[in-house]
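Have a look at the structure below before the remarks.
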Amino acid sequence: MNPPPTINKNKKHFLGIPAPLGYVAGVGRGATGFTTRSDIGPARDANDVSDDRHAPPSKRKKKEEEEDDEEDLNDSNYDEFSGYGGSLFSKDPYDKDDEEADMIYEEIDKRMDEKRKEYREKRLREELEKYRQERPKIQQQFSDLKRGLTTVSEDEWKNVPEVGDARNRKMRNPRAEKFTPLPDSVLSHGLGGETAAAIDPKSGLMSQIPHGALTPGMLTPTGDMDLRKMGQARSTLMNVKLSQVSDSVEGQTVVDPKGYLTDLQSMIPSYGGDINDIKKARLLLKSVRETNPNHPPAWIASARLEEVTGKIQAARNLIMKGCEENPNSEDLWLEAARLQPPETAKAVIAQAVRHIPTSVRIWIKAAELETEAKAKKVFRKALEHIPNSVRLWKAAVELEEPEDARILLSRAVECCPTSVDLWLALARLETYENARKVLNKARENIPTDRQIWTTAAKLEEANGNINMVEKIIDRAISSLTANGVEINREHWFKEAIEAEKAGSVHTCRALIKAIIGYGIEEEDRKHTWIEEAESCANQGAYECARAVYSHALGVFPSKKSIWLRAAYFEKNHGTRESLESLLQRAVAHCPKSEVLWLMGAKSKWMAGDVPAARGILSLAFQANPNSEEIWLAAVKLESENSEYERARRLLAKARASAPTPRVMMKSAKLEWYLEKYDLALKLLADAIQVFPDFAKLWLMKGQIEEQLNRPDDAHATYNEALKKCATSIPVWLMLARLAERRKMLTKARSYLEKGRLRNPNNPELWLEAIRIEFRAGLRDIANTLMAKALQECPNAGILWAEAIFLEPRPQRKTKSVDALKKCEHDAHVLLAVSKLFWCERKITKCREWFNRTVKIDPDLGDAWAYFYKFELLNGTEESQQDVKKRCIAAEPHHGEQWCKVSKLIQNWKLTTESILPLVAKELPIPI
């Protein structure tokens with residue numbers, strides 16, 4: 001019998017296992033693989049492909065042959081179309097190249113997905129926002145109602161009735177299983193058959209006895225009484241432990257059992273950060289201090305760390321130790337003075353002064369710690385050590401009386417001759433003669449500073465030497481240029497503005513005159529000067545702006561644009577006299593400018609000087625004989641002052657010399673106002689023959705005929721007008737309204753439909769059609785027309801404003817949101833939203849939206865009228881006057897309700913101030 005084979009226990013576990021892919025023996029210790037001649041055969045390179053034609057078959061081929069042998073070639077597995085059954089890819093396994101390719105494609109897919117991720121997420125967010133806008137959450141729909149709950153008082157909350165359950169009993173509790181808990185006695189009887197472990201007090205043995213047999217003296221872990229006793233015992237044990245700790249051997253109290261928790265609550269740390277961070281910071285700063293004790297920032301950082309954590313005494317000790325290590329660091333001494341209490345800080349600063357007597361900051365700190373009287377002594381002591389410190393001199397001068405300050409400044413300028421502030425301060429305290437000498441010395445010492453020159457000019461102006469001001473400024477420009485100083489226009493304009501604010505008007509003008517032409521190309525002068533004048537006016541420097549305009553007009557006297565800008569500037573910021581003086585010069589240089597003539601005449605007229613206004617207009621006629629504007633201005637002047645015969649004569653001359661449509665219209669309007677209807681109609685008929693395409697003539701003729709109760713004539717006039725002025729919207733509207741008043745609703749609809757065909761995409765015609773149906777009580781047809789109108793004119797503000805109030809009250813807010821999305825900056829939509837807030841009694845928001853409306857379009861009279869009516873009902877007298885004042889300044893001319901009142905012939909002469917309350921009175925309160 002053979003002996004069993006011996007097992008080598010020292011044999012390595014990896015022996016006999018094939019090497020991993022790409023393994024080269026010895027590569028870990030620096031060896032490299034090599035190939036010998038015996039490996040590749042004779043006369044071959046190591047990189048040549050081996051010729052395996054005569055090589056023995058490999059194991060893989062054998063394996064493939066075995067797999068071929070194992071293939072099922074039975075007749076039952078054969079098909080004449082697909083051959084033998086089985087996997088088509090059984091001979092093509094998934095190898096590592098395929099796996100690597102899949103990994104590469106997967107990485108590419110991930111990369112492409114990352115590129116598209118941002119776009120995909122952005123599109124998802126936009127779709128979500130759009131979905132939320134179209135279908136808001138319930139809490140968003142009721143958000144305004146929730147905000148309104150803040151105004152509910154406490155009594156109203158208490159009076160809110162309780163919500164009862166209105167359902168019947170079956171609905172409230174359908175088939176509910178009623179549960180009645182059993183009493184404890186039933187439960188105790190039910191436990192009679194169970195047993196529990198208990199200890200016999202006599203024998204000390206545990207036995208199994210029934211629950212019902214337990215006596216009150218037995219120990220049982222169950223039952224309410226035992227649990228209560230355990231809680232009492234725990235409380236007693238806690239009291240005993242606290243009593244033991246409270247008194248030590250000597251009888252001193254260590255822990256107060258009553259105030260223990262209160263004391264714990266009072267120990268609130270002053271630093272809310274992490275304790276570990278503080279410990280790390282302490283270690284790091286300690287290392288820095290020990291490594292380099294002569295580094296002051298390390299000591300300061302250490303002290304501030306202790307200060308932040310509430311250890312102020314430790315911070316003081318650290319900073320004082322740092323001062324001992326670095327006695328010449330002023331930062332350390334100042335930090336030490338900051339950390340110490342006031343009295344101790346004085347001692348610390350005294351030590352600092354002994355170590356660093358030339359530190360300005362330490363001397364100033366020392367003065368801050370003293371009272372005013374002692375601070376003077378401190379500054380004087382400091383100036384003995386540092387006589388050339390401007391900061392110390394300024395601080396010392398501020399504490400002195402004017403006479404002592406003058407003496408101190410005379411010494412200061414000797415010690416600091418290059419300080420402009422000290423020289424100027426001394427000049428302000430000296431008399432006129434001495435100030436001139438001081439400024440002359442200052443110019444000798446500092447020849448490159450412009451402030452000394454401007455101060456000298458202000459000094460001469462203050463003492464009445466106006467002629468010297470321009471000379472000083474001119475010498476300043478030449479002197480500074482000679483000393484190599486760059487003349488900066490912006491800086492000199494700032495000097496001029498400061499001079500004006502100081503009251504030195506002549507100095508301001510001299511500075512502007514000297515610098516305005518400096519460094520500007522000739523072709524850029526006009527635009528640059530206008531921009532600078534407007535900039536000065538915006539900063540409130542009106543004299544500077546006036547000086548710029550004056551110089552510009554002197555260089556360009558025939559430029560009408562500059563005269564107009566200057567005239568508007570004087571109108572807004574000047575006096576009536578300055579405006580009229582400027583306009584007189586303006587019309588002398590620009591006699592063909594009608595606007596300048598009219599501004600001058602209006603200024604005289606508003607001042608009540610009608611003869612002077614007539615004189616200006618007569619001169620304007622001479623300069624512009626056939627000017628329509630001047631003719632009409634003269635007619636308005638006479639008619640407003642009830643000089644109707646003069647106005648008629650002027651209009652007759654105007655029709656003879658300048659027969660324009662407006663002149664003809666004004667002639668007819670005057671006769672209409674004077675109730676000369678036949679003459680007015682005759683003038684209009686003559687005018688229509690000459691100007692058939694001027695729609696206002698037809699409209700006036702039709703309105704006069706309506707007023708005379710001749711609807712057939714008016715109807716014929718409007719129909720005739722449509723043949724000549726088919727694109728005039730007011731004609732279509734007047735014809736439809738006349739038909740509606742004559743109870744011809746179908747005709748009115750027909751006219752408006754024809755008008756829409758001739759004038760597509762016109763919101764006014766759509767609006768009139770909607771209102772006609774609404775006034776007829778056909779609300780459904782009005783809503784249908786509104787939908788069609790908004791499709792055709794999606795950005796028409798007047799349609800959206802009307803659509804808001806066509807909706808029922810609950811849907812108006814949603815409609816207003818849609819309107820604001822489409823027409824965010826349309827005054828009609830903003831006015832509708834304002835009225836919506838008015839309906840909801842949101843006074844503050846309503847006032848805010850009214851202000852926004854009149855700011856966007858101040859020419860919309862309806863907005864001003866609604867705003868004024870709102871203030872009359874809900875505002876104060878001050879707010880009412882403010883709205884009226886702003887409306888008068890805006891002079892609105894448009895608006896449906898506004899024009900309805902202002903265009904009435906009896907209101908022809910009324911001003912904006914008179915029209916506003918009339919329109920407000922006619923407006924309905926929004927509901």
Side-chain angles (χ1 to χ4, degrees), residues 252 254 263-399 415:
Q252 297 176 349
V254 179
D263 292 341
L264 284 176
Q265 289 177 358
S266 64
M267 295 172 64
I268 299 172
S270 59
Y271 178 71
D274 192 358
I275 301 299
N276 292 324
D277 294 342
I278 298 173
K279 290 180 179 179
K280 290 177 184 178
R282 280 201 185 105
L283 287 174
L284 288 170
L285 291 171
K286 183 180 179 183
S287 174
V288 174
R289 294 196 310 269
E290 291 175 354
T291 306
N292 188 5
N294 296 324
H295 187 58
W299 294 98
I300 294 173
S302 302
R304 288 185 179 174
L305 176 65
E306 301 299 336
E307 181 188 9
V308 167
T309 54
K311 298 183 178 180
I312 190 67
Q313 191 56 47
R316 290 170 181 167
N317 295 338
L318 273 173
I319 204 69
M320 291 310 298
K321 189 174 181 182
C323 291
E324 292 175 8
E325 295 287 342
N326 304 278
N328 294 326
S329 173
E330 64 177 13
D331 290 331
L332 275 174
W333 286 110
L334 290 171
E335 186 70 13
R338 186 184 68 82
L339 290 172
Q340 298 290 348
E343 293 302 322
T344 314
K346 291 181 182 179
V348 171
I349 286 294
Q351 291 182 11
V353 166
R354 284 196 292 272
H355 286 95
I356 321 172
T358 58
S359 173
V360 176
R361 294 168 62 198
I362 289 177
W363 281 109
I364 290 176
K365 183 67 177 177
E368 288 175 358
L369 294 172
E370 300 291 347
T371 59
E372 184 176 340
K374 293 182 179 179
K376 293 180 182 179
K377 296 179 181 179
V378 171
F379 280 126
R380 288 175 184 174
K381 190 74 175 174
L383 289 169
E384 292 177 7
H385 291 86
I386 321 169
N388 59 348
S389 172
V390 177
R391 188 178 176 187
L392 284 175
W393 280 110
K394 287 182 180 179
V397 168
E398 287 175 358
L399 295 175
C415 297

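The figures here come from the full heavy-atom set of this structure, side chains too, leaving out hydrogens, waters and symmetry mates.
- Side chains of Glu330 and Pro296 form no contact here, defined as non-hydrogen atoms less than 4.5 Å apart.
- Qualifying side-chain hydrogen bond (donor to acceptor under 3.5 Å, both in side chains) partners for Asn328, counting only residues two or more places apart in sequence or in other chains: none.
- Here the side chains of Thr309 and Arg282 are in contact, with some heavy-atom distance below 4.5 Å.
- Checked by atom type and distance alone, the side chain of Trp333 pairs as donor or acceptor with a backbone atom of Pro327 at under 3.5 Å.
- Considering every non-hydrogen atom in both Asn294 and Glu325, the closest pair reads OD1-O, 3.6 Å.
- Residues Gln340 and Lys346 are not in side-chain contact: their nearest non-hydrogen atoms beyond the backbone lie 4.5 Å or more apart.
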Side-chain atoms of residues 347-358: list all donor-acceptor pairs with protein atoms under 3.5 Å, sequence neighbours left out, distances to 0.1 Å.
residue: His355; atom: ND1; partner: Gln351; partner atom: O; Å: 2.9

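- Heavy atoms only, all atoms of each residue included: Ala315 and Ala303 are closest at CB-O, 3.2 Å.
- Partners of Ala314 according to the side chain to side chain contact (heavy atoms under 4.5 Å, CB included) rule, which considers only residues two or more places apart in sequence or in another chain, are Glu306, Lys311.
- Looking at Asn326, its side chain does come within 3.5 Å of a backbone N or O of Pro293 through a donor-acceptor pair.
- Remark: Pro342 pairs with no residue by the side chain to side chain contact (heavy atoms under 4.5 Å, CB included) rule, at least two apart or across chains.
- Residues Ile300 and Ile319 share a closest heavy-atom pair of CA-CD1, 4.1 Å.
- Partners of Ser329 according to the side-chain hydrogen bond (donor to acceptor under 3.5 Å, both in side chains) rule, which considers only residues two or more places apart in sequence or in another chain, do not exist here.
- In terms of modelled atom types and a separation under 3.5 Å, the side chain of Arg316 and the main chain of Leu339 share a donor-acceptor contact.
- Under the salt bridge (Lys or Arg N to Asp or Glu O under 4.0 Å) criterion, Arg304 pairs with Glu335, sequence neighbours left out.
- Between Lys286 and Ser302, the closest side-chain pair of non-hydrogen atoms is not below 4.5 Å.
- Between Gly322 and Leu332, the closest heavy-atom pair is O-CD1, 3.5 Å.
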